Amino acid sequence: MSFHHCHRDPLLQPGLTPERLQAQRQLCAACAVCCVFMAGEVVGGYLAHSLAIMTDAAHLLADVGSMMGSLFSLWLSTRPATRTMTFGWHRSETLGALASVVSLWMVTGILLYLAFIRLLHSDYHIEGGAMLLTASIAVCANLLMAFVLHQAGPHHSHGSRGAEYAPLEEGPGEPLPLGNTSVRAAFVHVLGDLLQSLGVLAASILIYFKPQYKAADPISTFLFSICALGSTAPTLRDVLRVLMEGTPRSVGFEPVRDTLLSVPGVRATHELHLWSLTLTYHVASAHLAIDSTADPEAVLAEATSRLHSRFGFSSSTLQVEQYQPEMAQCLRCREPPQA
């Protein structure tokens, strides 16, 4: 009987992989740009007496903090697994993305309150020229950061496998290279700031030519802060799905189950669990009930290979056991209901 080892994919080596190294470079570059233009916006906002400019600067400050946190979590996630942290530190990347979103929501909440106070009291003056110049520079800064953090390309797919399930070709293919979660969160941050910067620019143009419409300053802060909150909702949803150990959004329970049942010799499957350590690191475990004549090692090797090649699972743990008729009546062997 030939021996089939269960690990078909190469061992993930600790350290900065090319994808992580690229993410580190993007975050460092964006953080440097963010710091320079944040300082400029603080000065410009003070000179212009503009709450909208200060709001944009505060969002840049939140971006700096979140990107620095992402860099730390990116470094932490490269540490090897230990007997205490048996999966390693991969999920620190997801925690960094969550901290990034929460920090933006907190800062935005404070700024929304200040904008509301300014709308109630009109005892303020806006320097239209300084506001217009600063807002124009802010738009350029956000465009530059968005370009640095943008992950689109021939080797990138937003999310784990796209919005819908799309099996890979049969065979020992490599998993698709995917964008880093922390870079994605930072990119969404910058998109939200870019929207706000455009709104501030529009308000500054209006105030520059029509100073009597100075209420456009707090109104733009109010409207585009809400847009910034909304832009982070998809990232927050994905992060919470990972932390709650939900089935990966791009992998369906039924396709995985059917793939395992299609392996020669497999009669039934139960205790099927699908979850993720990050948006790109998927894990599966299951019990496979096989015929008495089936080769357990061959079944294990084939099932593991299909999970890896069709769905890109980074880790899969399969238990092979002899099929028993009473399994059909076992409550614990039943499939979970629809959510």
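Here the structure is a predicted model, which means the values were calculated and not measured.
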Is any side-chain heavy atom of Phe313 closer than 4.5 Å to a side-chain heavy atom of Leu274? yes
Using the rule that two of Ile, Leu, Val, Met, Phe, Trp, Tyr join whenever any of their side-chain heavy atoms come within less than 4.5 Å, decide whether Leu133 and Val43 are in one cluster. no
Decide if atom CE of Met85 counts as having more than 12 heavy atoms of other residues, nucleotides or ligands within a radius under 6.0 Å. yes
For the CD1 atom of Ile219 and the OH atom of Tyr213, what is their distance to the nearest 0.5 Å? 11.5 Å
Those residues at least two apart in sequence (or on a different chain) that pass side-chain hydrogen bond (donor to acceptor under 3.5 Å, both in side chains) with Trp275 are none
Drop me the distance from Gln26's CD to Cys31's SG, to the nearest 0.5 angstrom. 13.5 Å
Using salt bridge (Lys or Arg N to Asp or Glu O under 4.0 Å) as the criterion, list what pairs up with Asp291, not counting sequence neighbours. Arg267
Residues clustered with Leu143, ILVMFWY side-chain links under 4.5 angstrom: Leu132, Val139, Leu194, Leu198, Leu201, Ile205, Tyr208, Phe209
Nearest 0.5 angstrom please: Leu318 CG to Leu300 CG, how far? 6.0 Å
Taking the side chain as everything from C-beta on, heavy atoms only, tell me whether Val320 gets closer than 4.5 Å to Glu297. no
Before you tell me yes or no, could you show the steps for Leu95 and Leu243 under side chain to side chain contact (heavy atoms under 4.5 Å, CB included), namely the whole-Å CA-CA distance, both residues' side-chain angles and the distance that decides it to 0.1 Å? CA-CA 8 Å; Leu95 294 176; Leu243 295 180; 3.9 Å; yes
Run the numbers on Glu271 and Gln319 for side chain to side chain contact (heavy atoms under 4.5 Å, CB included), then give the verdict. CA-CA 10 Å; Glu271 294 289 341; Gln319 176 177 314; over 6 Å; no
Contacts satisfying salt bridge (Lys or Arg N to Asp or Glu O under 4.0 Å) that involve residues 108-122 (not counting sequence neighbours) are Arg118-Asp217
State, with a plain yes or no, whether a side-chain heavy atom of Phe311 is found less than 4.5 Å away from one of Pro248. no
Here the gap from Leu27 atom CG to Leu71 atom CG, rounded to the nearest 0.5 Å, amounts to 4.5 Å
Which value, rounded to the nearest 0.5 Å, describes the distance between His308 atom NE2 and Ser314 atom OG? 8.0 Å
Determine whether Leu98 and Leu236 make a side-chain contact, defined as any pair of heavy atoms from C-beta on separated by less than 4.5 Å. yes
Are any of the side-chain heavy atoms of Arg257 and Leu260 separated by less than 4.5 Å? no
Considering residues at least two apart in sequence or located in another chain, which fulfil the salt bridge (Lys or Arg N to Asp or Glu O under 4.0 Å) criterion with Glu321? none
Ignoring hydrogens and angles, tell me if any N or O in the side chain of Ser305 forms a donor-acceptor pair with the backbone of Glu302 under 3.5 Å. no
How would you list, by chain and number, every residue that makes a salt bridge (Lys or Arg N to Asp or Glu O under 4.0 Å) with Arg241, sequence neighbours excluded? none
Between Thr269 and His287 (side chain of the first, backbone of the second, donor and acceptor by atom type, cut-off under 3.5 Å), is there such a pair? yes
Is any side-chain heavy atom of Leu288 less than 4.5 Å from a side-chain heavy atom of Val299? yes
Once you round to the nearest 0.5 Å, how far does CZ of Phe253 lie from CG of Leu272? 4.0 Å
